[in-house]
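What's counted below: heavy atoms across the whole structure, side chains too, no hydrogens, waters or symmetry copies. In listed order, ligands and their atoms are each counted from 1.
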Amino acid sequence: MNYLLTEEQIMLKEMVHKFAKERIGPVAADNERNHRFPADIIKEAGELGLMGIAYPSDYGGADMDYISYMLAVEEVSRWCASTGVIISAHSSLVCDPIYRFGTEEQKQKYLPDLLSGNKIGAFSLSESGAGSDAGATKTTAVLQGDKWILNGAKLWATNGNEAEVYILIASTDPSQKVKGISAFIIEKGTPGCYVGKLERKLGIKSSSTAEIILENVELPKEALLGELNKGFKVAMVTLDGGRLGIASQALGIARAAIEDAIKYSKERFQFDQPISNFQAIQWMIADMWVRYEAAWLLTWRASKMKNEGMDYSREAAMAKLDASEAAMFCANKAIQIHGGFGYTEDFNAERYYRDAKITEIYEGTSEIQRLVIARSLLK
Ligand code: CAA
């Protein structure tokens, strides 16, 4: 699909492909098995500008666009879906809201370190009783004098264990539900704010997924991100962009599954010939590729709309829904093509299958994406 890309986007894609293939691919399976966060790779990604692709150089970003971001997350996720989500959650869920809603002072304070990858960010919205119903947050932020006092417990924050900057959503007026929610910036080490349980997961095991606990955390008034009681919109706008990142991650997983399946089908001999000679295999490969390219086009369109400042909520939901289901489809078929070997850790197909599943869940389940799409069509 290079004909849809600019020369600059193609160069970026090739650069990230080379970096991911040479540096990320060889260590991905081992990092997964050992639940090891790829700190050295994230540092290198920062040096290459990949932690701040779509942000202005004034704040330390790479001055590129959201299609470049999509391409980079896809290329990285082709080799390691964990590394893909580390970059995506940092960029879409933390850099983006600070850039979009932050005061000039907040941007100057946080963006240079975040966009260069010197510091990692995490977004903390979900709670045990507030998953799909993101507005049901029970974490509170109460203004006492000139300080905010935060109490509560957040779940499933990607990068939660390594982050030095958190965007956290709390209720500032519980009687108003979604109209009484605000966003805050919290720095690591703030007394009373600490990492709780680290989740043991089915996939994306070298990314951390953490509980964030808040016990009488005192924040200065300036820690508020965006307007008071407008934090639900901050979260929703942020998640629109996040969904593009997860769609791109899913595209990377789908492509990994297809490329591995094609390679294996040419090397595997049964009945005295490569199994790629059999129509049953060919049809699976054709179906996988159609699902991948259709999802790629939806993600490219939504990224282009974001670049152009259009409302792209529905298109981001469509891209994420389709790409995550394509990733599951392709990973499932890749195991089938690998047969018994596909079910073992000797091949990567089983990892793609485990990694693909989360793309149908986080940053809004497939059911929530369908709800967003349907609501926008029916309004
Ligand atoms: N952009 C701007 N505003 C938006 C919006 C958007 N995309 N979506 C909703 N809003 C606004 C609405 O316009 C409305 O404002 P007004 O009253 O002024 O009109 C307000 O927000 C409330 O909207 P809804 O009535 O639609 O709210 P709702 O309670 O019905 O919820 C929802 C809508 C789509 C279900 C939402 O709760 C949602 O997206 N849920 C899923 C949450 C999610 O994705 N969680 C993932 C967490 S992050 C994560 O996965 C961890 C990680 O680290 C990767």
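- Of the charged side-chain nitrogens involved, at least one lies within less than 4.0 Å of a carboxylate oxygen, so that R78 and D260 count as a salt-bridged pair.
- Aromatic pair Y264/F347: ring centres closer than 6.0 Å.
- In this structure, S265 and I337 approach most closely via the heavy-atom pair CB-CG2, 4.2 Å.
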Nitrogen or oxygen contacts under 3.5 Å, ligand 1 side and protein side:
from: ligand 1; atom 1: 7 (N); to: D240; atom 2: OD1; distance (Å): 3.3
from: ligand 1; atom 1: 7 (N); to: D240; atom 2: OD2; distance (Å): 3.0
from: ligand 1; atom 1: 7 (N); to: S313; atom 2: OG; distance (Å): 3.3
from: ligand 1; atom 1: 17 (O); to: K179; atom 2: NZ; distance (Å): 2.5
from: ligand 1; atom 1: 18 (O); to: K233; atom 2: NZ; distance (Å): 3.2
from: ligand 1; atom 1: 26 (O); to: R375; atom 2: NH1; distance (Å): 2.8
from: ligand 1; atom 1: 30 (O); to: R375; atom 2: NH1; distance (Å): 3.1
from: ligand 1; atom 1: 30 (O); to: R375; atom 2: NH2; distance (Å): 3.2
from: ligand 1; atom 1: 37 (O); to: S132; atom 2: O; distance (Å): 3.3
from: ligand 1; atom 1: 39 (O); to: R243; atom 2: NH2; distance (Å): 3.1
from: ligand 1; atom 1: 40 (N); to: S132; atom 2: O; distance (Å): 2.8
from: ligand 1; atom 1: 44 (O); to: R243; atom 2: NH2; distance (Å): 3.0
from: ligand 1; atom 1: 44 (O); to: G364; atom 2: N; distance (Å): 2.9
from: ligand 1; atom 1: 50 (O); to: E363; atom 2: N; distance (Å): 2.8
from: ligand 1; atom 1: 53 (O); to: T158; atom 2: N; distance (Å): 3.1
from: ligand 1; atom 1: 53 (O); to: T158; atom 2: OG1; distance (Å): 3.0

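- Between D96 and F101, every side-chain heavy-atom pair lies at or beyond the 4.5 Å cut-off.
- When hydrophobic side chains of Ile, Leu, Val, Met, Phe, Trp and Tyr are connected at separations under 4.5 Å, I373 ends up clustered with L298, M318, L321, L377.
- Atom NZ of K304 is surrounded by 12 or fewer heavy atoms from other residues, nucleotides or ligands within 6.0 Å.
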